Amino acid sequence: MIGRQFFDRDVHEVAVELIGAAFLVDGVGGKIVEVEAYHHEDPAAHGYRGRTERNATMFGPPGHAYVYRSYGIHWCVNFVCEPEGVADAVLIRALEPTHKLSLMRRRRGVEDERALCSGPGRLCQALAITGAHDGLALDLSFFQVAATTEKPEVVRGPRVGISRATDLPWRYGLAGSRYLSRTLRPA
DNA sequence: CACAGGATATACT
DNA sequence: GTATATCCTGTGA
């Protein structure tokens with residue numbers, strides 16, 4: 001179990017170390033295989049133009065979950081990082097399912113293991129993450145984030161689904177994983 | 001395999 | 001009104 005101090009660092013450092021870490025909500029989840037870093041000076045980041053009602057959590061203390069609605073349909077979850085007050089966060093994009101697969105299949109309505117958590121909206125549905133979790137601390141017993149002992153090989157490339165700052169290679173993935181939301185080509 | 005289109009909350013023009 | 005840190009389904013190459 002990693003504590004709050006894990007997130008008291010630069011978003012890119014945290015992003016790399018999250019690859020291979022376990023992420024469970026109420027005992028359901030898996031191994032993190034894909035994330036994206038969002039920095040406050042980055043035009044594609046929600047916090048870039050200042051605080052709003054929706055992104056207020058990003059401006060709060062590190063080690064908390066920022067959950068927002070995407071395209072009016074899906075939920076997406078971020079981990080807020082240091083420094084506090086500037087809105088730096090890591091978007092969790094994909095997991096390799098390891099815990100309670102049957103429950104995730106029921107929630108997602110699909111059988112294919114690779115479709116359970118391969119995408120930010122998908123993994124929130126599989127782990128039952130909603131706006132109710134926005135602002136919650138990641139060291140509560142409800143959320144479980146545990147770092148790996150091994151040192152996984154991390155690939156870095158351009159981010160997905162944005163039109164601004166597309167040249168920044170701030171998407172991080174576990175090399176060779178079958179559970180990425182889409183193939184990750186090194187930038 | 002590669003698209004196009006729909007669902008629809010929130011923020012910006 | 002238009003765009004978006006998405007996903008699913010349908011069509012066609």
Side-chain angles (χ1 to χ4, degrees), chain A residues 7 10-12 14-16 18-19 23 25 29-30 32-60 62 64-81 86-97 101 104-136 138 145 154-174 177-185 187:
Chain A
F7 299 99
D10 178 81
V11 273
H12 296 104
V14 175
V16 169
L18 279 176
I19 300 299
F23 178 40
V25 177
I32 298 174
V33 297
E34 183 183 345
V35 301
E36 282 178 4
Y38 284 88
H39 187 265
H40 62 280
E41 288 176 0
D42 166 14
H46 283 177
Y48 179 64
R49 285 179 213 78
R51 181 184 185 132
T52 66
E53 192 177 345
R54 176 173 71 153
N55 67 23
T57 298
M58 290 184 92
F59 290 84
H64 288 237
Y66 163 49
V67 183
Y68 70 95
R69 183 89 75 171
S70 174
Y71 291 88
I73 310 275
H74 307 281
W75 294 104
C76 297
V77 61
N78 295 246
F79 295 167
V80 179
C81 297
V86 299
D88 285 4
V90 178
L91 169 70
I92 311 303
R93 285 194 55 88
L95 305 180
E96 174 182 333
L101 294 247
M104 290 196 272
R105 285 198 170 92
R106 197 152 66 234
R107 285 171 174 167
R108 291 271 301 115
V110 296
E111 284 300 312
D112 184 5
E113 184 178 319
R114 294 208 287 170
L116 291 180
C117 301
S118 312
R122 291 173 174 182
L123 78 88
C124 282
Q125 188 181 15
L127 274 59
I129 296 172
T130 69
H133 300 92
D134 183 39
L136 294 184
L138 293 168
V145 184
V154 176
V155 202
R156 205 172 71 137
R159 293 175 292 179
V160 176
I162 57 173
S163 60
R164 317 164 64 123
T166 53
D167 54 319
L168 299 176
W170 288 353
R171 176 175 175 230
Y172 300 87
L174 179 62
S177 172
R178 304 166 56 239
Y179 299 92
L180 298 175
S181 64
R182 34 168 88 182
T183 54
L184 177 49
R185 301 185 189 291

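Chain letters run A, B, ... following the sequence lines, proteins first, then strands; residues in each count from 1. What you see is a predicted model, and the numbers here were worked out from it, not measured in a lab.
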Describe the nucleic acid contact of [X] in one word from base, sugar-phosphate, nothing, applying a heavy-atom distance below 4.0 Å.
X: A:Ser181; result: nothing
X: A:Arg93; result: sugar-phosphate
X: A:Leu91; result: base
X: A:Gln125; result: nothing
X: A:Arg171; result: nothing

Mutual orientation of the aromatic rings belonging to A:His46 and A:Tyr66 [parallel < 30°, tilted 30-60°, perpendicular > 60°]: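 Because their plane-to-plane angle is over 60°, the rings of A:His46 and A:Tyr66 count as perpendicular.
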
Pairing residues for A:Arg122 by the salt bridge (charged side-chain N to carboxylate O under 4.0 Å, His left out) criterion, not counting sequence neighbours: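 In terms of salt bridge (charged side-chain N to carboxylate O under 4.0 Å, His left out), with neighbours along the sequence ignored, A:Arg122 is linked to no residue.
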
Stacking check A:Tyr38 vs C:dA5 (5.5 Å / 30 deg):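 Taking the rule of under 5.5 Å and under 30°, the ring of A:Tyr38 does stack on C:dA5.
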
Presence of salt bridge, A:Arg159 and A:Asp167, under 4.0 angstrom: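 A:Arg159 and A:Asp167: not salt-bridged.
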
Check: A:Tyr48 ring centroid to A:His40 ring centroid under 6.0 Å: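 Judged by ring-centre distance (under 6.0 Å), A:Tyr48 and A:His40 do not meet the cut-off.
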
Separation of the C1' atoms in B:dA2 and C:dA5, to the nearest angstrom: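 The answer is 23 Å between these two C1' atoms.
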
Presence of donor-acceptor pair under 3.5 Å, side chain of A:Tyr68 and base of B:dA9: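 Checked by distance alone, the answer is no.
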
